[in-house]
*Asks:* 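Once you've had a glance at the structure underneath, I'll fire off some questions.
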Amino acid sequence: MRPSLIVLVLALALPLPGRAAYPDRPITLIVPFAAGGPTDVVARIVGESMSRTLGQQIVVENVAGAGGTTATTRAAQAAPDGYTLIMGHMGTHGAAPAMYPDLKYDPVKSFQPIGMAAGTPILIVAKKSFPAKDLREFVAYVKANSEKLNEANAGVGSVSYTTCAFLNSLLGAKPSRIVYRGTGPALNDLVSGQVDYMCDQIVNLVPQIQAGTIKAYAIAQAQRSPALPEVPTTKEGGLPEFQVTAWNAIFAPKGTPPDIVSKLSGALRKALADEGTRKRLLDLGADLSDTAAQTPEGLAKLVESEVARWNKVLKSAGATPK
Ligand code: ASP
């Protein structure tokens, strides 16, 4: 090879001037809720494996507020350099536009999807002393007493808020809706009996259900979960209309360079193929079967359909702001 050609080949192989090879420093993964809840748990499990693949630490930063929309706005406005990501979910990137007419971001246009980290079935759970032994009794009790009950959720637009808004509308229930900075702290209050019931993502609930510190009335999907085989579906329990599932997924700000997107999405998919990481998620009831949504393109499609779906569900439930 001629010396000038060698120089050219070497030059093409080197990173662009001014941009060191990505990633050359820690990456921040914003969790838009308090630590210890489902979004946080998924972020930490997946982030650990991605850190190993990328050779840089993924640092989880919890920024709670406004049902996750405060942090999601911040992530949308961050520099699109691959160093600020967000673990969003069906609330922040699906339901929120229907609940906030002046939302400062667009789930579709403001983000570059990286991929879904976990599908998270929804359960109806209550404090241990709740006076109902199964879903039929729960439904009857809530219908008769809802004004005396406290329902816990992670704020307007969150998964727990929107799914329970749907449940409450099906039951004609009007409980006091108690807002927390995430369903981690909400679950603590459910365990101690300070609130009565909530709708939440399975990955937050399995250990407490197994320990018998809370009651699980139903899982709101067609099949029972292998992680909680004793919990009936809403269809089995007599409330087949209550079918909802949620998910958590990683997003980067719009404009993130394609080579960085592909590194991140490769690291995410590697995490979801890793036996140890899979086991931790599956033991918590996560659904990892939607491999299409684990890609940037698949997640983009999912977000679009979720925004449309939740807009319809929440409007017909009368749950959107008047
Ligand atoms: N899953 C919760 C929600 O949106 C929030 C959290 O992850 O803490 O209801």
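Residues take their numbers from the sequence shown, with the count starting at 1. Just so it is clear, the model here is predicted, and its values are computed rather than measured. One-based numbering, in listed order, for ligands and for the atoms of each.
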*Asks:* Does the pair Asp106/Lys254 count as a salt bridge with the N-to-O cut at 4.0 Å?
*Replies:* no

*Asks:* Which of the atoms in ligand 1, numbered in the order shown and given with their element, are less than 4.0 Å from a heavy-atom of Ser160?
*Replies:* 3 (C), 4 (O), 9 (O)

*Asks:* I want to check something: taking the side chain as every heavy atom from C-beta on, are Ile214 and Leu187 in contact at a cut-off of under 4.5 Å?
*Replies:* yes

*Asks:* Show which atoms of ligand 1 fall inside a sub-4.0 Å distance from at least one heavy-atom site of Val159.
*Replies:* 3 (C), 4 (O), 9 (O)

*Asks:* Please confirm whether Pro38 comes under 4.0 Å of ligand 1, counting heavy atoms of the residue only.
*Replies:* yes

*Asks:* Which of the atoms in ligand 1, numbered in the order shown and given with their element, are less than 4.0 Å from a heavy-atom of His89?
*Replies:* 3 (C), 4 (O)

*Asks:* With atoms numbered from 1 as shown, which atoms in ligand 1 lie under 4.0 angstrom from a non-hydrogen atom of Gln201?
*Replies:* 1 (N), 2 (C)

*Asks:* Are any of the N/O atoms in Asp40 less than 3.5 Å from those in ligand 1?
*Replies:* no

*Asks:* In this structure, does ligand 1 have an atom that sits under 4.0 Å from one of the heavy atoms of Asp200?
*Replies:* yes

*Asks:* When you measure from atom 2 (C) of ligand 1 to every protein heavy atom, which one gives the shortest distance, and what is it?
*Replies:* Thr183 OG1, 3.3 Å

*Asks:* Going through the checks in order, is the side-chain hydrogen bond (donor to acceptor under 3.5 Å, both in side chains) test met by Gln201 and Asn248?
*Replies:* CA-CA 10 Å; Gln201 297 172 261; Asn248 279 102; 2.9 Å; yes

*Asks:* Find the distance between CG (Asn150) and CG (Asp196) and round it off to the nearest 0.5 Å.
*Replies:* 5.5 Å

*Asks:* If you measure from CZ on Phe251 to NE2 on His89, what distance do you get to the nearest 0.5 Å?
*Replies:* 10.5 Å

*Asks:* Could you list which atoms of ligand 1 come closer than 4.0 Å to a heavy atom of Gly182?
*Replies:* 8 (O)

*Asks:* With a 6.0 Å cut-off on ring centres, are Tyr197 and Phe138 close enough?
*Replies:* yes

*Asks:* For the residue pair Thr92 and Thr39, establish whether any side-chain heavy-atom pair is separated by less than 4.5 Å.
*Replies:* no

*Asks:* For Thr39, counting its heavy atoms only, list the atoms of ligand 1 lying under 4.0 Å from any of them.
*Replies:* 6 (C), 7 (O)

*Asks:* Determine whether more than 12 heavy atoms belonging to other residues, nucleotides or ligands lie under 6.0 Å from atom CD of Gln223.
*Replies:* no

*Asks:* Between ligand 1 and Asn153, can you find any atom pair, the residue atom being a heavy atom, that is separated by under 4.0 Å?
*Replies:* no

